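Reckoned from all heavy atoms, side chains included, excluding hydrogens, waters and symmetry mates. If you're wondering where the values come from, they're calculated on a predicted model, not measured in any experiment.
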Amino acid sequence: MNVLSIQSHVAYGHVGNASAVFPMQRLGVEVWAVHTVQFSNHTGYGAWRGRVFDGPAIEELVEGIAERGVLPTCDGVLSGYMGSADIGTAILRAVARVRAANPAALYCCDPVIGDVGRGVFVRPGIPEFMRDHAVPAADLITPNQFELDYLSGIETRTLADAKAAVAAVQASGPKVVLVTSLHTEETPDDSIDMLAGEAGRFWRLRTPRLSLSVNGAGDATAALFLVHYARTRSAGEALGAAAASVFGLLRRTEEAGAREILTVAAQDEFVAPSRTFPVEAV
């Protein structure tokens with residue numbers, strides 16, 4: 001399996017490609033990583049160094065990969081944080097090139113826009129680009145609850161609201177939606193839910209709520225979900241596998257008191273999660 005992953009990258013720590021690439025490789029996937037930015041560390045530290053690349057730089061790298069004659073062997077494209085609309089346009093052009101070479105290839109878009117409690121944290125114009133262009137072009141999307149509400153225009157207070165929101169987003173294009181963190185009136189305070197929807201069916205998975213705040217977990221979640229969905233073609237199975245791995249990764253990180261997720265130290269969680277959770281049809 002080959003995946004083209006177009007995301008931000010940091011030298012220290014694990015966000016963007018630095019969070020998504022290794023879990024996929026650990027699962028036996030060949031990853032072609034294209035970086036949209038290269039920073040010393042993620043911006044949550046308040047200070048960082050590095051450069052932001054533009055759309056033409058991304059397209060140049062994709063062109064170089066295409067010149068190797070390998071696009072027909074690309075099974076999927078993964079994208080996350082988009083620093084500008086021209087980078088987003090370059091990503092969608094890359095998706096179109098891959099699909100032209102391999103119509104069976106999947107595009108998984110992690111529509112990074114904002115989060116509950118923080119609101120929108122991307123540049124102006126990016127939320128609209130995600131909603132109007134990137135999400136409709138995707139086969140799979142992995143929003144958090146805040147992003148689901150924005151994309152659907154529905155405030156998700158209940159599970160029924162969340163299912164309606166997923167269906168509304170699916171109507172715009174993506175076949176599969178994974179809501180990576182969901183807390184509704186039915187969710188216990190000490191838990192967090194994940195919800196997957198595909199072809200009119202929905203699956204919920206509930207894990208204990210961990211008391212840590214780290215960056216990059218969503219990037220790993222999207223990567224793992226893409227790989228497991230590509231292999232099983234089942235949103236429910238992919239939800240169970242990805243959630244188990246991410247919970248194990250975050251539990252290990254919490255136990256260590258680390259600020260960065262332990263992507264390398266906890267790598268066994270990607271192939272043999274230490275704990276699994278029931279996937280419930282809802």
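Put simply, the side chain of N2 gets close to the backbone of T73: a donor and an acceptor are under 3.5 Å apart. A donor-acceptor pair is defined here as one N or O able to donate and one able to accept, closer than 3.5 Å; no such pair exists between the side chain of Q25 and the backbone of E30. S245 places no side-chain N or O within 3.5 Å of a backbone atom of A242 that could act as its donor or acceptor partner. No donor-acceptor distance shorter than 3.5 angstrom exists from the side chain of S191 to the backbone of T187, with no hydrogens or angles considered.
Comment: K175 does not engage E198 in a salt bridge, judged by the lack of any side-chain N to carboxylate O separation of less than 4.0 angstrom. With salt bridges taken as basic N to acidic carboxylate O contacts below 4.0 Å, one links D193 and R206. In this structure, E269 pairs ionically with R251, as a charged nitrogen and a carboxylate oxygen lie closer than 4.0 Å.
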Carefully, step by step, assess L78 and I6 under the rule side-chain contact (heavy atoms from CB on, under 4.5 Å).
CA-CA 6 Å; L78 175 65; I6 309 178; over 6 Å; no

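Two residues are said to be in side-chain contact when any heavy atoms from C-beta on lie closer than 4.5 Å; I192 and L182 fail this criterion. With contacts defined as side-chain heavy-atom distances shorter than 4.5 Å, the pair V122/P127 qualifies. In this structure, Q170 and V177 have side chains that are in contact, with non-hydrogen atoms separated by less than 4.5 Å. Between V279 and M194, the closest side-chain pair of non-hydrogen atoms is not below 4.5 Å.
By the rule that hydrophobic residues join a cluster once side-chain heavy atoms approach within less than 4.5 Å of another member, V21 and L224 end up as members of one cluster. V3 and V70 end up in different hydrophobic clusters when Ile, Leu, Val, Met, Phe, Trp and Tyr side chains are linked at under 4.5 Å.
For CG of D132, the number of neighbouring non-hydrogen atoms (other residues, nucleotides, ligands) closer than 6.0 Å is greater than 12. For E63, the CD atom sits in a packed shell: over 12 heavy atoms of surrounding residues, nucleotides or ligands are nearer than 6.0 Å. At most 12 heavy atoms of other shown residues, nucleotides or ligands fall within 6.0 angstrom of atom CZ in R157.
Not less than 6.0 angstrom separates the ring centroid of F225 from the ring centroid of H228.
Remark: R252 fails to qualify as a cation-pi partner of F247 under the 6.0 Å distance and 45° angle criteria applied to the six-membered ring.
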